[in-house]
Number of protein chains: 2
Amino acid sequence: MTPAGRRIVTAAEELFYDRGITSVGVDLIAEYSGVTKRTLYNQFGSKDHLVAVYLAERDKRWRSRVRETVDGCDDPAEAVTAPFETLRTWSEANTRGCAFINALAELPDPSHPAHRIAADQKHWLLTLFKELATAAGCADADTLATRLLVLHEGALATQPLPLDTLPVSTDLARALVRASTAPGR
Amino acid sequence: MTPAGRRIVTAAEELFYDRGITSVGVDLIAEYSGVTKRTLYNQFGSKDHLVAVYLAERDKRWRSRVRETVDGCDDPAEAVTAPFETLRTWSEANTRGCAFINALAELPDPSHPAHRIAADQKHWLLTLFKELATAAGCADADTLATRLLVLHEGALATQPLPLDTLPVSTDLARALVRASTAPGR
DNA sequence: TCGTAGGTATACTGGTCTGTGAATCTGACG
DNA sequence: CGTCAGATTCACAGACCAGTATACCTACGA
């Protein structure tokens, strides 16, 4: 990707997330990234494609943050709930909820690439939870993983509201992991 | 509200939810409800106001459905998770996630009436969970209520994705209620 | 030295959007 | 019969939007 292309994606990430995809026009993105609209179209071809790149790039950044947090855990049981810790720091700069759920809300057409990207992201997180739970020796890793995903998404979805759900979600997630690794079970 | 006004709101409920607020123009709503655009503006003044009415009306319908389900429960412990049962039947005709979360995604301006309506809705559900938990004699009703809310919103948010999270969420919700009313605690 | 890729500058097309103006119609109710 | 609110008809303003056309500039590598 050319330097101009990179600047465009950076601007798109900020504007699309903060103001919504439909509300942000290509002219604004071009102006914001100090680039001509012609360049934007030479690089990405269409707004829809730029939206797809924006989501894919954001997904990539988020996954590497999660991976970092997971790898920074000594205890395998602690690692299972590492994505909740990522969410805590991630939320400091991202207070408009989940970019992928939001994108689905704005782009109802199921054939839009955004739908595949969003589905892939959630599926990736579910699989990660499964793998981490299995590695930590949790009972019924499949159910536990789905439970953790629901808690994660619930905390993320309610983030734009004045409810402060993350601490409670994280606590419950840890309790579930603890319970499924308890010697009694 | 005049008969025409009611038809407009009905059309708006369907179109806004299924296709997104920004993607649906007032012309489409007018055509869909068999009414002139002039009438629409005479009744509601602006699209933003119509959006607010749409959300308020949907909220009203949903609350009465929840109340019905709650009132249909014999066991107070069963009543605590009644909103999850409502969500099950509600989801049969509403597969695009939460209309309020979606509205926040599309309307980033915090001064838009949609924000207040959405916040009120989630706050109402949280309070309901608290009341029901207290009535059922649950320990730590406040924390339990927040946990249930997160599960509810998580199931709702992941609904547009191919994940089938509702059964697992409902099971966990019931288990949490059971645990907090156990004689041991 | 010359071609080419990446970028700039600017004007423009065709369409859609929210919202308004002005005149007319219709039916219920006093 | 007269009034008036609700509704229709239809044209139109003004803004914005995605995407295109054309011409030009610049740096770099064969």
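Reminder, nothing fancy here: chain letters follow the sequence lines and each chain counts from 1.
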Could you check whether [Y] and [X], counting side-chain N and O atoms only, form a donor-acceptor pair closer than 3.5 Å?
| X | Y | value |
| --- | --- | --- |
| A:D48 | A:S46 | no |
| A:Q43 | A:T2 | yes |
| A:E106 | B:T22 | no |

With a strict under 4.0 Å distance from non-hydrogen atoms of chain B, what nucleotide opens and what nucleotide closes the contacted stretch of DNA chain C, reading 5' to 3'? C:dT18 to C:dA22
Using 4.0 Å as the upper bound for N to carboxylate O, is an ion pair formed by A:R63 and A:E68? no
Can B:E85 and B:R88 be counted as an ion pair, charged N to O under 4.0 angstrom? yes
Give me, pair by pair, the N or O atoms of the protein and of nucleotides 27-30 of chain D that are less than 3.5 Å apart, along with how far apart they are.
none

Please state how far atom [atom1] in [X] lies from atom [atom2] in [N], giving the value in whole angstrom units.
| X | N | atom1 | atom2 | result |
| --- | --- | --- | --- | --- |
| A:L50 | D:dC17 | CG | P | 15 Å |
| A:L28 | D:dA15 | CG | C1' | 15 Å |
| A:D27 | D:dG19 | CG | C1' | 10 Å |
| A:E106 | D:dC17 | CD | P | 14 Å |
| A:I29 | D:dC16 | CD1 | C1' | 15 Å |

Pairs: protein N or O with nucleotides 6-13 of chain D N or O, under 3.5 Å:
unit_1, atom_1, unit_2, atom_2, d
D:dA7, OP1, B:T2, OG1, 3.2
D:dA7, OP1, B:A4, N, 3.4
D:dA7, OP2, B:T2, OG1, 3.2
D:dA7, OP2, B:Q43, NE2, 2.8
D:dT8, OP2, B:T36, N, 3.2
D:dT8, OP2, B:T36, OG1, 3.3
D:dT8, OP2, B:T39, OG1, 2.7
D:dT8, O5', B:T36, OG1, 3.4

Could you tell me the separation between the NZ atom of A:K130 and the OG1 atom of A:T134, rounded to the nearest 0.5 Å? 9.0 Å
Would you say B:L125 and B:L132 are hydrophobically clustered, going by side-chain heavy atoms of ILVMFWY under 4.5 Å? yes
Would you mind writing out the side-chain donor-acceptor pairs for residues 24-33 of chain B within the sub-3.5 Å range, not counting sequence neighbours?
unit_1, atom_1, unit_2, atom_2, d
B:D27, OD2, B:K37, NZ, 3.4
B:Y32, OH, B:E14, OE2, 3.2
B:S33, OG, B:I29, O, 2.7
B:S33, OG, B:A30, O, 3.3

Suppose we screen for ring-ring contact (aromatic ring centres under 6.0 Å, His included). Which residues come up paired with A:F16, at least two apart in sequence or across chains? A:Y54
For residues 142-155 of chain A, which residue pairs qualify under side chain to side chain donor-acceptor pair (under 3.5 Å), counting only residues two or more places apart or in two chains? A:K122-A:E153, A:D140-A:T143
May I ask you to check whether over 12 heavy atoms, not counting those of A:R61, lie within 6.0 Å of atom CZ? yes
